[in-house]
Amino acid sequence: MKHMSVELMSELNDAYQVPEGTLEHLRTQSWAPLPGLLNADTVKTMLEQVQKYAAPVQPSETEKWMTSDEYAKVLQSHDGMAWTDNWFRDLALSPRLTGVALDLLDESEGLFIHDMTFTKPGHEGGPTPFHQDYPFWPFDRKGAFTIWIAMTDLTADMGILQFMPGSHNEGPLGRFSRAPGDDIRKAYPYLEDKYGFAGGTDLKAGDATVHYDLTVHGANGNQTTRGRAAYTLRYMPTDVIYTGAPHRHFDAFEMTPGELFADSPQVPHISRLSWLRMVGVTRPSGTTHRRPSCCAGLMSNTSISAAPRSTVPVAHDSVAEIAVAEWIQRSRIDHPCLCRR
Ligand SMILES: O=C(O)CCC(=O)C(=O)O
């Protein structure tokens, strides 16, 4: 499958300045806005890529609710594109998106784990029942989050994602799916009064929100005639262990319960290296590259010289300084695995 165009890639090499207070907002409110994460041209191309190339989600035995006609009126999805299509891989591992993910993880390294579209059909697309994501995922701990990106201009009456602020502090509340009627509020009627709702307001194409895997979230129905299209990217910390709970996307990784996701060749690592590449700084001479096992044979260990100071754009000086300091301190680099399996 084809890679991203140079023009688009150069835009995705541009840092997104996460608005001040975003991490604090996420930690206290369970979600946060990321206005203008991508520009309208990028999401237009993204929508075209989805429509042209992506296959609809293939639910597994444990997710039969996703195949029902009722569910098709709530959401229609594609997922795992970044595991089959270089275009989506390039997007998910771009400096712009990995930079945001690392800022939200508040770490210098993390993992990219999943991508998925969520289109709520026009002509009375049903509401998305409120739920948490974590109970469906084979993760031994919390910490993953979803970046939900509007693929066109969206208005509130299209059923934009809403969040219960503070609800991630409840811990896992059990499996409530996105199937019509299976709403977490039925089992926990107190949630609505305790937390209320946030989000759900108009978004421009390329605006995004982020929510934790434990955040209780859902959406109203789509009262317009236009489909409400969103693309999501999911990232998580490096210390999460695979539990073996069935899940159509993670099953394909063929992991052993108890294994670190970080050790799976199917799971791309993200690190501040993306930033280093972006600002034109490369490896100091004499250091070697620690390769994930999946890339063995595809790349050779190399010694690369640091780029001349003058290649670092002035606007990114502070970012470059921080990244270089972290890099030298760690004395080794993991890099996103770009090989296909
Ligand atoms: O887009 C929607 O309505 C649901 C999305 C969702 O549940 C998620 O991003 O975790």
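Keep in mind it's a predicted model, so treat the numbers as computed, not measured. Just follow the structure's listing: the first ligand is 1, and inside any ligand the first atom is 1.
- In this structure, atom 6 (C) of ligand 1 lies nearest to the protein heavy atom H217 NE2, 3.6 Å.
- D202 and T155 share no donor-acceptor pair across their side chains, judged by distance under 3.5 Å alone.
- With no hydrogens or angles considered, no side-chain donor-acceptor pair links T117 and T119 at under 3.5 Å.
- Ligand 1 places these atoms under 4.0 Å from at least one heavy atom of D133: 10 (O).
- Counting only non-hydrogen atoms, the option in Q132, R234, H114 that gets closest to atom 8 (C) of ligand 1 is R234.
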- Worked verdict on R234 versus D213 for salt bridge (Lys or Arg N to Asp or Glu O under 4.0 Å): CA-CA 9 Å; R234 291 169 165 155; D213 51 3; over 6 Å; no

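- Polar contact check, T146 against ligand 1: no nitrogen or oxygen pair lies under 3.5 Å apart.
- Less than 6.0 angstrom separates the ring centroid of F130 from the ring centroid of F197.
- Atom 3 (O) of ligand 1 has its closest protein heavy atom at T128 OG1, 2.7 Å.
- Numbered from 1 in the order shown, with element, the atoms of ligand 1 that lie under 4.0 Å from a heavy atom of H131 read 7 (O).
- Short contacts between ligand 1 and R178, defined as distances under 4.0 Å to a heavy atom of the residue, involve ligand atoms 7 (O).
- Residues D79 and H249 have side chains that never bring a donor and an acceptor to within less than 3.5 angstrom of each other.
- Close contacts of ligand 1 with W148, meaning ligand atoms under 4.0 Å from a residue heavy atom, involve 1 (O), 2 (C), 5 (C), 9 (O).
- Close contacts between ligand 1 and H211 involve ligand atoms 8 (C), 9 (O), 10 (O) [criterion: under 4.0 Å to a heavy atom].
- Under the ring-ring contact (aromatic ring centres under 6.0 Å, His included) test applied with W31, the options H217, H25, H168 reduce to a single match, H25.
- Among all protein heavy atoms, the one lying closest to atom 2 (C) of ligand 1 is R228 NH2, 3.4 Å.
- T45 and E48 form no side-chain donor-acceptor contact under 3.5 Å, judged by distance and modelled atom types alone.
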